[in-house]
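Following: one structure in structure tokens, then a few remarks.
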Amino acid sequence: DRVKINAGGINYIDCDDSSSAPHNLTVNDGQNNVDFIIKGNGSNEGSPLFKTDASTGRVGINGVGSPEAELEVDGTILATGSDPRIGIGTTSPNKELTVIGSISSQDIFIGDVSPVITIKDTDSFGDTQLGYIQFTDTNDQVKGSIGFTNASDRNLRFTNNTEGDVRFLTNSAVSVAITSAGNVGIGTQTPLSPLHVKSSTTIAELRLETAAGSFGYLNVDNSGNLEVIPDTGREIQLFTDGGSTQAMTIASAGKVGIG
């Protein structure tokens, strides 16, 4: 019912059928430093296809003779079947790859027909979710983040903890810049006032439009002249006292009314 392979006083293999199933095939009875190695042939001759390192409790696959982690594979890990899933830090992966914990990587590539990155807060719902992308330096000092960083509000935050700007680029050019002083630049990355709009043409134009489609323009031409342009057939009205008193009206025909 039991066969042991013993050499030099070391128990290498123990085949035990003396008890009820499941029966045991033991390599290294735990009292000696015995590794289990399966070697390859052909181009892999002499290299361990599979090795357990008894002294460290680590496993190497595909030529890894000295595994530097609990499992080290020189090659590709493939999960197949009708519903292939890999779980790290969990025994119940709900996606093809589920990681409970931290991921450390120099590059992360996600490729598919329509790739999607989802950050899911599994212990909250409604408007109390937390989830964000965080940027740190080599000393783990947080330099910036993007996402919901405070569960007590609904604000999506773009945070820069350095003295730099927050910039939005299109076609490799800065479209919007928010400086550390709080100035906002549109078309410029060096805004000189709380709102600085710079055009790429000879006229800097600001269009104001209502939900009904009525609109007007505030323009600065290439000579520095300020232009106020209402919608066709509309007036220019100037108010004082917080908007309660209409002080001047310029009609579409060019007539001016004061008071």
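Predicted model, so just to flag it, every value in this text is computed and none were measured. The residues of the chain are indexed from 1 along the displayed sequence.
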*Going by the ring pair (Phe, Tyr, Trp, His ring centres under 6.0 Å) test, which pairs reach into residues 165-184, not counting sequence neighbours?*
F158-F168

*Between V59 and E70, is a side chain to side chain contact (heavy atoms under 4.5 Å, CB included) present by the stated rule, with each step listed?*
CA-CA 6 Å; V59 176; E70 280 71 19; over 6 Å; no

*Are L192 and L218 linked, directly or through other ILVMFWY residues, by side chains that come within less than 4.5 angstrom of each other?*
no

*F36: partners by ring-ring contact (aromatic ring centres under 6.0 Å, His included), with sequence neighbours left out*: none

*Should I229 and L226 be regarded as members of a common hydrophobic cluster, given that ILVMFWY residues are connected when their side-chain heavy atoms come within less than 4.5 Å of each other, either directly or indirectly?*
no

*Is there a donor-acceptor contact under 3.5 Å from the side chain of T201 to the main chain of I203?*
yes

_Taking the side chain as everything from C-beta on, heavy atoms only, tell me whether V184 gets closer than 4.5 Å to P191._
no

*Between H196 and T190, what is the shortest heavy-atom contact and its length?*
ND1-O, 4.0 Å

_T162 backbone acceptor or donor facing N160 side chain under 3.5 Å_ = yes

*When you check the gap from the basic side-chain N to the acidic O, do D53 and K51 get nearer than 4.0 Å?*
no

*When hydrophobic residues are tied together by side-chain contacts of less than 4.5 Å, even through go-betweens, does L71 share a cluster with V64?*
no

_Nearest 0.5 angstrom please: Q134 CD to I146 CD1, how far?_
11.5 Å

_Heavy-atom side-chain proximity of I88 to L97 below 4.5 angstrom_ = yes

_Please give me the minimum heavy-atom distance between P48 and I37, naming the atom from each residue._
CB-CG2, 3.9 Å

*Are I100 and I103 connected in the hydrophobic side-chain network, where two residues link if heavy atoms are under 4.5 Å apart?*
no

*asked:* Could you check whether T98 and T90, counting side-chain N and O atoms only, form a donor-acceptor pair closer than 3.5 Å?
replied: no

*asked:* Check whether R85 reaches the backbone of P93 with its side chain - one donor and one acceptor, N or O, closer than 3.5 Å.
replied: yes

*Please name the pair of heavy atoms, one in G144 and one in N161, separated by the smallest distance, quoted to 0.1 Å.*
N-ND2, 4.0 Å

*Where the side chain of D241 meets the backbone of T245, is there a donor-acceptor pair that is under 3.5 Å apart?*
no

*Of all the heavy-atom pairs spanning R154 and F148, show the shortest one and how long it is.*
O-CE2, 3.6 Å

*Quick one: name the residues clustered hydrophobically with V113, using the 4.5 Å side-chain heavy-atom rule over I, L, V, M, F, W, Y, and just say none if it's on its own.*
none

_Nearest-0.5 Å distance that lies between atom CG in L206 and atom OH in Y217_ = 10.5 Å

_To the closest 0.5 Å, what do you measure between OG1 (T249) and CD (Q237)?_
5.0 Å

*Verify same cluster id: F135, I119 (apolar side-chain graph, 4.5 Å)*: yes

*Has N171 got more than 12 heavy atoms of other residues, nucleotides or ligands less than 6.0 Å from its CG?*
no

_Tell me whether T188 contacts the main-chain N or O of G185 through its side chain, where contact means a donor paired with an acceptor under 3.5 Å._
no

*With no hydrogens and no angle check, is any side-chain donor or acceptor of N62 less than 3.5 Å from a backbone partner on V73?*
no

*Hey, does the side chain of T52 reach the backbone of A54 with a donor-acceptor pair shorter than 3.5 angstrom?*
no

_Is a donor from one side chain sitting under 3.5 angstrom from an acceptor on the other, for S223 and N225?_
no

*Of the non-hydrogen atoms in A79 and P84, which two are nearest, and what is the gap between them?*
O-CB, 3.3 Å

*Evaluate whether atom CD1 of I117 has more than 12 neighbouring non-hydrogen atoms of other residues, nucleotides or ligands under 6.0 angstrom away.*
no

*asked:* To the closest 0.5 Å, what do you measure between OH (Y132) and CG (N150)?
replied: 10.0 Å

*With rounding to the nearest 0.5 Å, note down the distance linking CD1 in I250 to CD1 in I236.*
4.5 Å

*asked:* Taking L195's backbone N and O only, do any of them form a donor-acceptor pair with S193's side chain (distance below 3.5 Å, no angle check)?
replied: yes

_Test your reading of the model: is there a side-chain donor-acceptor pair from D231 to the backbone of G216, 3.5 Å cut-off?_
no

*For R167, does its backbone N or O pair with a side-chain atom of D165 as donor and acceptor, under 3.5 Å?*
no

*L130 to A151 - nearest heavy-atom pair and separation*: CD2-N, 3.5 Å

*Please examine the side chains of V228 and N219, heavy atoms only from C-beta on, and report whether any two atoms are closer than 4.5 Å.*
no

*asked:* Is it the case that over 12 heavy atoms from other parts of the model lie below 6.0 angstrom from the CZ atom of R157?
replied: yes

*Can you tell me how far the CD atom of E235 sits from the CD atom of Q246, to the nearest 0.5 Å?*
7.0 Å

*Quick one: do K143 and D137 make a salt bridge, cutoff under 4.0 Å?*
yes

